[in-house]
Amino acid sequence: MPMSDYVASLRSRIGTDFLLLPGVTAVIRDGQNFLLARHRHSGLWSLIGGGVEPGEEPAESLAREVHEETGARVRIRRIVGVYAGEPMMVTYPNGDRVGYVTTAYDCELTSDAAADGDELLEIAWFPRDAIFSLPRRGWIDRVIGDVRDDL
């Protein structure tokens, strides 16, 4: 999905300068298998997520982002944690610099998912141990490590 109107408005005033944004991350899993997505802008595997828009509840943002990127619906089970700092900072190919404060939610799919072909090149299920050998965003290791298995 292209840049939101809100972020575009900010970018029109600050250019590519650093912008701190609230985000959401879907930790979609089925038992010990995690659904990851390979992102077009980086080619790296990561969790699915995106930005919280003005007026949205974070859980609404999560459901919207998952649906936009995969066509799927999710059921949120619980919050895994909240993450920020250097690992959550990104410079996009156009030079935009962003830092995210993301709330990660443990979720399960309630409908079929497929990569949108726009933001996501592909999606696939991986067991926890296999994730650490993928070319990936490093911050997901901490998030996946924080997922509790007691559901």
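For this chain, numbers begin at 1 and follow the sequence in order.
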task: Check which hydrophobic residues are tied to L20 through side-chain heavy-atom contacts below 4.5 Å, counting indirect links as well, and list them.
output: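 When side chains under 4.5 Å apart are linked, the cluster holding L20 also contains F18, V82, M89, V101.
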Quick one, [X] and [Y] - any side-chain contact, counting heavy atoms below 4.5 Å?
X	Y	answer
V90	R97	no
S46	H39	yes
T103	T25	no
V143	V27	yes
D141	F132	yes

- request: Name all residues meeting the side chain to side chain donor-acceptor pair (under 3.5 Å) criterion together with S111; count only those two or more places apart in sequence or in a different chain, and write none if there are none.
  value: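 S111: no side chain to side chain donor-acceptor pair (under 3.5 Å) contacts found.
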field: Qualifying residues under side chain to side chain donor-acceptor pair (under 3.5 Å), relative to Y92, sequence neighbours excluded
entry: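 For Y92, the residues satisfying side chain to side chain donor-acceptor pair (under 3.5 Å) (neighbours in sequence not counted) are Y100.
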query: Charged N to carboxylate O below 4.0 Å: is that the case for R64 and E68?
result: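 Yes.
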- prompt: Could you walk me through whether R148 and D106 pass the salt bridge (charged side-chain N to carboxylate O under 4.0 Å, His left out) check?
  reply: CA-CA 9 Å; R148 295 181 3 210; D106 186 346; over 6 Å; no
query: Could you go step by step and tell me if R77 and E108 meet the salt bridge (charged side-chain N to carboxylate O under 4.0 Å, His left out) rule?
result: CA-CA 8 Å; R77 295 188 276 224; E108 66 179 337; 3.7 Å; yes
Give a yes or no answer on whether the side chain of [X] reaches the backbone of [Y] with a donor-acceptor pair at less than 3.5 Å.
X	Y	result
E60	E57	yes
T102	V24	yes
R40	L121	no
R142	I140	no
R11	D17	yes
T110	R73	yes
T70	V66	yes

task: Go through the steps to decide whether M3 and D96 satisfy the test side-chain contact (heavy atoms from CB on, under 4.5 Å), and finish with yes or no.
output: CA-CA 11 Å; M3 185 183 308; D96 288 352; 3.5 Å; yes
query: Taking it one step at a time, do I131 and F34 satisfy side-chain contact (heavy atoms from CB on, under 4.5 Å)?
result: CA-CA 9 Å; I131 293 169; F34 293 80; 3.8 Å; yes
Minimal non-hydrogen separation, [X] against [Y], with atom names:
X	Y	value
V74	C107	CB-CB, 4.1 Å
A59	I76	CB-CD1, 3.7 Å
H41	P93	O-CG, 3.9 Å
P58	V52	CA-CG2, 4.4 Å
A37	I123	CB-CG2, 3.8 Å
P87	A84	CD-O, 4.1 Å

As an exercise, state the distance from [atom1] of [X] to [atom2] of [Y], rounded to the nearest 0.5 Å.
X	Y	atom1	atom2	result
D116	E122	CG	CD	12.5 Å
L62	I28	CG	CD1	7.5 Å
L36	L134	CG	CG	6.5 Å
R137	L47	CZ	CG	11.5 Å
R136	L44	CZ	CG	10.0 Å
S9	I14	OG	CD1	10.0 Å

- request: Find out if a path of hydrophobic residues (ILVMFWY) with successive side-chain heavy-atom gaps under 4.5 Å connects F126 to V147.
  value: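 They do share one cluster, since a chain of ILVMFWY contacts under 4.5 Å joins F126 to V147.
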query: Among the clusters formed by ILVMFWY side chains lying less than 4.5 Å apart, do I144 and W139 turn up in the same one?
result: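 Hydrophobic grouping puts I144 with W139.
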- request: Please report the C-alpha distance between Y6 and E53 in whole Å, then the side-chain angles of each, then the deciding distance to 0.1 Å, and finally whether the side-chain contact (heavy atoms from CB on, under 4.5 Å) criterion is met.
  value: CA-CA 7 Å; Y6 172 69; E53 293 296 325; 3.9 Å; yes
message: Take a 6.0 Å sphere around CG of D112 and say whether it holds more than 12 heavy atoms from other residues, nucleotides or ligands.
response: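 Counting other residues, nucleotides and ligands, CG of D112 stays at 12 neighbours or fewer.
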